[in-house]
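These notes are about the structure you will find just below.
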Amino acid sequence: MVSLTADMSPLHPDRNLALELVRATEAAAIRAVPFIGRGAKEAADGAAVDAMRAFFTTVNFDGTIVIGEGEKDEAPMLYNGERVGNGRGPRADVAVDPIDGTSLTAAGRNNALSVIAVSDHGTMLDASSVFYMDKLVTGPAGVGVVDIRLPIGENIRLLAKALGKPVDEIVVSVLHRPRHEQLIDEIRAAGAGTRLMSDGDVAGGINAARHNARTDMCVGIGGSPEGIVTACAIKALGGHIQGRLWARDDDEKQRGRDAGLKLDGYVYEADELVKGNNTIFVATGVTDGALVAGVRREGGYVYTESVVLRGASGTLRRISSEHLVSKWL
């Protein structure tokens, strides 16, 4: 079996695969440009999906979408279980989010991304039957230190000690939702600050794991697909991630159990979310954010910024590109 990230393989160098995937996220982000700030999130998502799928046909791998735009009957493109790539190359599990933050894009707000995550075939947890996941993400300092089972105040104090800075300098990212009101109060009661996100918890998790970011921790209940995607990136950053599936009702809990998922407070560690370190994460900014700049159009050119994270090498690369408007929009 060919490894997704076999550095020495003359046939399937993973660096090439990562760069090919960037072309797909760039295309999705650029196609969303006419809809930024226009209040049309479905149109933005549809344009991004079409562009990403078109570029997938040129990519040299044999991918199966584990986390996509829904089930086949609900999503005409990039659905769960769909095969993508040209079929020539390593087999891989794929998670896609043509726009992580469709509401952000529609409103013209920050932190919307186009995202693809890839791992070796059979290594990515399929958590699609339970929509939400409670997550805890930090950078490398939190590994073996924090634990999602502990009260948030204790995790903040433990992380502050590991980072060698006072608690009042710790900043925690949380999705701004009614379900997090008590969590936000507890974070502030512990002496830490909050950065409330309207959407886009993939970017929130990655920013918390980066060594030079302005946030130290990302917590709270967000999408379970976003949790798996974030785990692929955290592998490359050497950070900490844990997740607990959060079923909304008894029916969803039963669907999760029927799918073989562990609920009732079970904590998924990083290697259970995505096995091994053979991961690739690529993202292109749709709108500006702390992780990457958004798509910018000036005259006859469109400018994009992307990041590529590879778990095998532990690298984060930034790619700035310029594209002729005449070829795209």
Lys165 atom NZ, over 12 foreign heavy atoms within 6.0 Å: yes

Option from Arg318, Arg210, Arg317 for which side-chain contact (heavy atoms from CB on, under 4.5 Å) with Val307 holds: Arg318

Residues in side-chain contact (heavy atoms from CB on, under 4.5 Å) contact with Tyr268, at least two apart in sequence or another chain: Leu125, Leu245, Leu261, Lys262, Tyr266, Glu272, Leu273

Pairs involving residues 131-176, ordered by first then second residue, that meet ring pair (Phe, Tyr, Trp, His ring centres under 6.0 Å) (sequence neighbours left out): Tyr132-Trp246

Within 6.0 angstrom of Arg179 CZ, more than 12 heavy atoms from elsewhere: yes

Non-neighbouring partners of Asp97 that pass salt bridge (Lys or Arg N to Asp or Glu O under 4.0 Å), sequence neighbours left out: none

Thr58 side chain reached by Arg23 side chain, heavy atoms, under 4.5 Å: yes

From Arg157 atom CZ to Leu159 atom CG, the distance as rounded to the nearest 0.5 Å: 12.0 Å

Residues that Gln254 engages under side-chain hydrogen bond (donor to acceptor under 3.5 Å, both in side chains), provided they are two or more places apart: Asp258

Arg248 side chain vs Val130 backbone, donor-acceptor pair below 3.5 Å: no

Any donor-acceptor pair under 3.5 Å from Asn155 side chain to Asp147 backbone: yes

Backbone of Gly223 reached by a side-chain donor or acceptor of Lys135 within 3.5 Å: yes

With sequence neighbours excluded, residues passing side-chain hydrogen bond (donor to acceptor under 3.5 Å, both in side chains) with Asp62: Arg83

Pairs flagged by salt bridge (charged side-chain N to carboxylate O under 4.0 Å, His left out) wherever residues 219-235 is involved - sequence neighbours left out: Lys235-Asp271

Non-neighbouring partners of Arg244 that pass salt bridge (Lys or Arg N to Asp or Glu O under 4.0 Å), sequence neighbours left out: Asp134

Worked verdict on Val84 versus Val59 for side-chain contact (heavy atoms from CB on, under 4.5 Å): CA-CA 8 Å; Val84 293; Val59 178; over 6 Å; no

Results of side-chain hydrogen bond (donor to acceptor under 3.5 Å, both in side chains) for Glu269 - residues two or more places apart only: Gln242

4.5 Å side-chain heavy-atom contact, Val96 and Arg53: no

Main-chain N/O of Lys41 paired with Asp45 side-chain donor or acceptor, under 3.5 Å: no

Minimum heavy-atom distance between Val274 and Cys232, given as atom pair plus value: CG2-SG, 3.7 Å

Shared-cluster residues of Tyr301, by chain and number - hydrophobic side chains joined below 4.5 Å: Tyr303, Leu324

Atom pair CH2 (Trp328) and CZ (Arg297), whose distance is rounded to the nearest 0.5 Å: 13.5 Å

Gly68 versus Asn80, closest heavy-atom pair with distance: N-OD1, 2.6 Å

Under 3.5 Å: donor-acceptor pair, side chain of Glu169, backbone of Pro166: no

Main-chain N/O of Pro98 paired to Ser114 side chain as donor or acceptor, under 3.5 Å: yes

Asn110 side-chain N/O to Gly289 backbone N/O, donor-acceptor pair under 3.5 Å: no

Heavy-atom side-chain proximity of Met52 to Thr25 below 4.5 angstrom: yes

From Thr64 atom OG1 to Asp93 atom CG, the distance as rounded to the nearest 0.5 Å: 7.0 Å

Working for salt bridge (Lys or Arg N to Asp or Glu O under 4.0 Å), residues Asp288 and Arg296: CA-CA 9 Å; Asp288 286 338; Arg296 176 170 54 92; over 6 Å; no

Side-chain cluster (under 4.5 Å, hydrophobic types only) that Val171 belongs to, other residues: none

Show me the donor-acceptor pairs within less than 3.5 Å that the side chains of residues 191-200 make with the rest of the protein, sequence neighbours left out.
| unit_1 | atom_1 | unit_2 | atom_2 | d |
| --- | --- | --- | --- | --- |
| Thr194 | OG1 | Arg188 | NE | 3.2 |
| Thr194 | OG1 | Arg188 | NH2 | 3.0 |
| Asp199 | OD1 | Arg177 | NH2 | 2.9 |

Working for side-chain contact (heavy atoms from CB on, under 4.5 Å), residues Ile184 and Glu181: CA-CA 5 Å; Ile184 292 167; Glu181 287 180 4; 5.8 Å; no

Asn278 side chain near Thr123 side chain, heavy-atom distance below 4.5 Å: no

Greater than 12 external heavy atoms within 6.0 Å of Arg214's CZ: no

Transitive ILVMFWY side-chain link Ile241 to Val229, under 4.5 Å: yes

Heavy-atom closest contact (Ser129 atom, Ala259 atom, distance): OG-CB, 3.5 Å

Ionic contact status for Asp120 with Lys275, cut-off 4.0 Å: no

Close side-chain approach of Phe56 to Val94, heavy-atom, < 4.5 Å: yes

Ile187 side chain reached by Leu183 side chain, heavy atoms, under 4.5 Å: yes

Nearest atoms (heavy-atom pairs only) where Gly256 meets Leu263: C-CD1, 4.0 Å

side-chain hydrogen bond (donor to acceptor under 3.5 Å, both in side chains) involving His323 - partner list, sequence neighbours excluded: Thr304

Polar side-chain atom of His180 near backbone of Ile221 as donor-acceptor pair, under 3.5 Å: yes

Spatial distance of atom OG (Ser128) from atom CD1 (Ile65) [nearest 0.5 Å]: 12.0 Å

Same apolar cluster: Met217 and Ile206, side chain cutoff 4.5 Å: no

Distance in Å, Ile228 CD1 paired with Asp126 CG, rounded so as to fall on 0.5 Å steps: 8.5 Å

Contact summary for Ala283 and Leu113, nearest pair of heavy atoms: CB-CD1, 4.5 Å

Sub-4.5 Å side-chain heavy-atom contact between Leu158 and Leu150: yes

Beyond-backbone contact of Thr284 with Val292, side-chain heavy atoms, under 4.5 angstrom: no

Joint cluster assignment, Leu19 & Leu17, ILVMFWY side-chain distance < 4.5 Å: yes

Common cluster, Ile30/Leu291, ILVMFWY with side-chain heavy-atom separation under 4.5 Å: no

Least distance between heavy atoms, Val118 atom then Ala92 atom: CG1-CB, 3.6 Å

Side-chain donor/acceptor of Thr287 to backbone N/O of Gly108, under 3.5 Å: no

Same cluster (ILVMFWY, side-chain, under 4.5 Å), Leu316 and Ile116: no

